[in-house]
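What follows is a short report on a single structure.
No experiment lies behind these values; they were computed from the predicted model shown. Numbered from 1 within each chain, the chains take letters A, B, ... in sequence-line order.
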There are 2 protein chains.
Amino acid sequence: MALISPSRRLRRTPFSDGVEAAGVKAFTVYNHMLLPTVFRSVEEDYRHLKDAVQVWDVACERQVELRGPDASRLMQMLTPRDLRSMLPGQCYYVPIVDETGGMLNDPVAVKLAEDRWWISIADSDLLYWVKGLAYGFRLDVLVDEPDVSPLAVQGPKADDLMARVFGDAVRDIRFFRYKMLDFQGRSLAVARSGYSRQGGFEIYVDGSDLGMPLWNALMEAGKDLDVHAGCPNLIERIEGGLLSFGNDMTDDNTPHECGLGKFCNTQTAIGCVGRDALLRVAQEGPIRQIRAIEIHGDRVPSCDRPWPLMSGDTQVGQVTSAAYSPDFGTNVAIGMVRMTHWEEGTDLDVVLPGEVRAAQVWQTFWV
Amino acid sequence: MALISPSRRLRRTPFSDGVEAAGVKAFTVYNHMLLPTVFRSVEEDYRHLKDAVQVWDVACERQVELRGPDASRLMQMLTPRDLRSMLPGQCYYVPIVDETGGMLNDPVAVKLAEDRWWISIADSDLLYWVKGLAYGFRLDVLVDEPDVSPLAVQGPKADDLMARVFGDAVRDIRFFRYKMLDFQGRSLAVARSGYSRQGGFEIYVDGSDLGMPLWNALMEAGKDLDVHAGCPNLIERIEGGLLSFGNDMTDDNTPHECGLGKFCNTQTAIGCVGRDALLRVAQEGPIRQIRAIEIHGDRVPSCDRPWPLMSGDTQVGQVTSAAYSPDFGTNVAIGMVRMTHWEEGTDLDVVLPGEVRAAQVWQTFWV
């Protein structure tokens, strides 16, 4: 692996001092911001995430804030998910599509009030698309990136740790709901959500000055719970089928290809700019789709480019994320496969740099 | 420095195999793509860039293509630079602004035809803003990212090297003009431009399959010219006052604050969405502006966050790029300074992590 060159353009976060003190070994860049990827090793971090509790600097999940009388109208323009019944206090995972139905981002929308939303974004400048639409349609809405940085607490002991810092009220927060809870006299949105299957919370830290005090409070409170700095874990998220925008999908893909049809209500999502383009695929289904893929043989290298999936001499898909899973004793992967070859148990070949491996399509992920 | 974790999301380029074979040591991430930052060392690369000729993988300067009857109208909506007299064959450096006059990108616009443009972008998803505007204003224009990857040839021997591969016609290309020249039977736009002050070209490689053949042809042809793989050089670009979007400016800044007023014709750029917002500042001038800053004392560390510029206890600006210059024997830097303190020779303090240094405002960069 090569080094990463520091610059202001690769923005530090309110938690970077804590991340560095915890001995971070590697980063990726996400929304022009540093995102830790390894502390001890990817496999040690994985084991610990499944056994204990971790604090994650996911400040790179930047917020796009919509505020004003047209905020809810604009939010519905962005997504084929029907938002009419959504209430303040709820979070929705929302595919965001352009006028052709192509995915532009797959964020979590946080409804703060009828006229105020946060969109907690994946890795693309969604702000630019939203600003362009707001301006083009002359909407009465402010669109901005506020100083709000999510900090995640993930793992089986997340409830216990969070209760020590925010009180027992955290235990009652339902999945993809948030409560406003106090920390040092400031009210923060605390949601039961996060980019792992181990359970936990995301705290929307509203004001960079609160970053290190909160980081330190969690680390201090969790000593006997074996709390450790962590980060989204490649192995765990592949096992769990958690997609990554830019890795497993791009603007070439519809939500249906990404297996996100369950988050689309294309018929009733009136106002969504991609609605016309998606109506047909919503009814008929896609011709290729995300699948869990097992890759046989030794531990695979880093998946730094799409690996073609072959049936004989014909390419029928590609793998875009892969890692060796200690718990399942095999290489787990995420790929996109044509419908002719997406049935469970289909045997395929996957072309890695310099070698070909046997692979198999699974119907479900390893959860 | 920490490591960078490979993933498909940090896209490889058509030249990555060549970059790796040349022994790249570090990368940054730019437009979701790998951009090399160091080959031998930043200082060795700097010396060699000024003495010989380098081939740079700048594929991360992605293109936003505008095609269709409204392409020129849309292009003018993006920028306060008056494009009416621009002809096919020309390249313009164009500040791109939103409706508030804030910078969204500082790309080079390449006019291919009256109804076809490439925008060779800095590090932000300008595609999303342009698509949002095109959709909102119902323009008849296709907006897309084509498979076009710039390869730069920079340094005093660039003309000689390029002539060996593309013929002597390259010598006649004027600054910020391009010609269509043949390589292996394919016609490529070759512009006299690039992100250094050492002279050279940018080749718009139209089709990834041409990447390594062109890379290898240049390396082969330039052996006796001491050609080497290189990359935009931090020291050289600061000496030369070449700004970096995301480092030296963000959407908080107007073009005038960035010293880009000379590329604005706000009065006559009819149609620019930021025109109303910029008219006043275009007339009155900004209240803070980019300046060359000399930082005294030992070699400064990497500028990975804004360093406050102080006059006594008052913050009057910030430094956003800095490096030690062997040729000038001092630390050269780029900063933004309030008009009360931007006069040449003004003495300031700059606050680095853990120390305060004496600094001085210069009127011009080190060119």
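Both the backbone and the side chain of B:Val273 have a heavy atom closer than 4.5 Å to some heavy atom of chain A. Only the side chain of A:Leu127 comes within contact range of chain B, with at least one heavy atom under 4.5 Å from a heavy atom of that chain.
Interface summary for chain B: among A:Leu35, A:Leu104, A:Leu10, A:Leu234, the most heavy-atom pairs under 4.5 angstrom belong to A:Leu104.
Counting all heavy atoms, side chain and backbone alike, A:Leu3 lies closest to B:Ile4 at O-CG2, 4.1 Å. Shown here for B:Ala2 and A:Phe27, the closest heavy-atom pair between the two residues is CB-CD1, 3.6 Å.
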Donor-acceptor table for chain B and chain A, threshold 3.5 Å:
from, atom 1, to, atom 2, distance (Å)
B:Ala2, O, A:Ile4, N, 3.0
B:Leu3, N, A:Lys25, O, 3.2
B:Leu3, O, A:Phe27, N, 2.9
B:Ile4, N, A:Ala2, O, 3.0
B:Ser5, N, A:Phe27, O, 2.9
B:Ser5, OG, A:Thr37, OG1, 2.6
B:Arg8, N, A:Asn247, OD1, 3.2
B:Arg8, N, A:Cys303, O, 3.3
B:Arg8, NH1, A:Asn247, O, 2.7
B:Arg9, N, A:Asn247, OD1, 2.7
B:Arg9, NH1, A:Val29, O, 2.8
B:Arg9, NH1, A:Asp123, OD2, 2.9
B:Arg9, NH2, A:Thr28, OG1, 3.0
B:Lys25, O, A:Leu3, N, 3.2
B:Phe27, N, A:Leu3, O, 2.9
B:Phe27, O, A:Ser5, N, 2.9
B:Thr28, OG1, A:Arg9, NH2, 3.0
B:Val29, O, A:Arg9, NH1, 2.8
B:His32, ND1, A:Asp123, OD2, 3.1
B:Thr37, OG1, A:Ser5, OG, 2.6
B:Asp98, OD2, A:Lys131, NZ, 2.9
B:Leu104, O, A:Tyr128, OH, 2.7
B:Asp123, OD2, A:Arg9, NH1, 2.9
B:Asp123, OD2, A:His32, ND1, 3.1
B:Ser124, OG, A:Tyr128, OH, 3.4
B:Asp125, N, A:Asp125, OD2, 2.7
B:Asp125, OD2, A:Asp125, N, 2.7
B:Tyr128, OH, A:Leu104, O, 2.8
B:Tyr128, OH, A:Ser124, OG, 3.4
B:Lys131, NZ, A:Asp98, OD2, 2.9
B:Asn247, O, A:Arg8, NH1, 2.6
B:Asn247, OD1, A:Arg8, N, 3.2
B:Asn247, OD1, A:Arg9, N, 2.7
B:Cys303, O, A:Arg8, N, 3.3

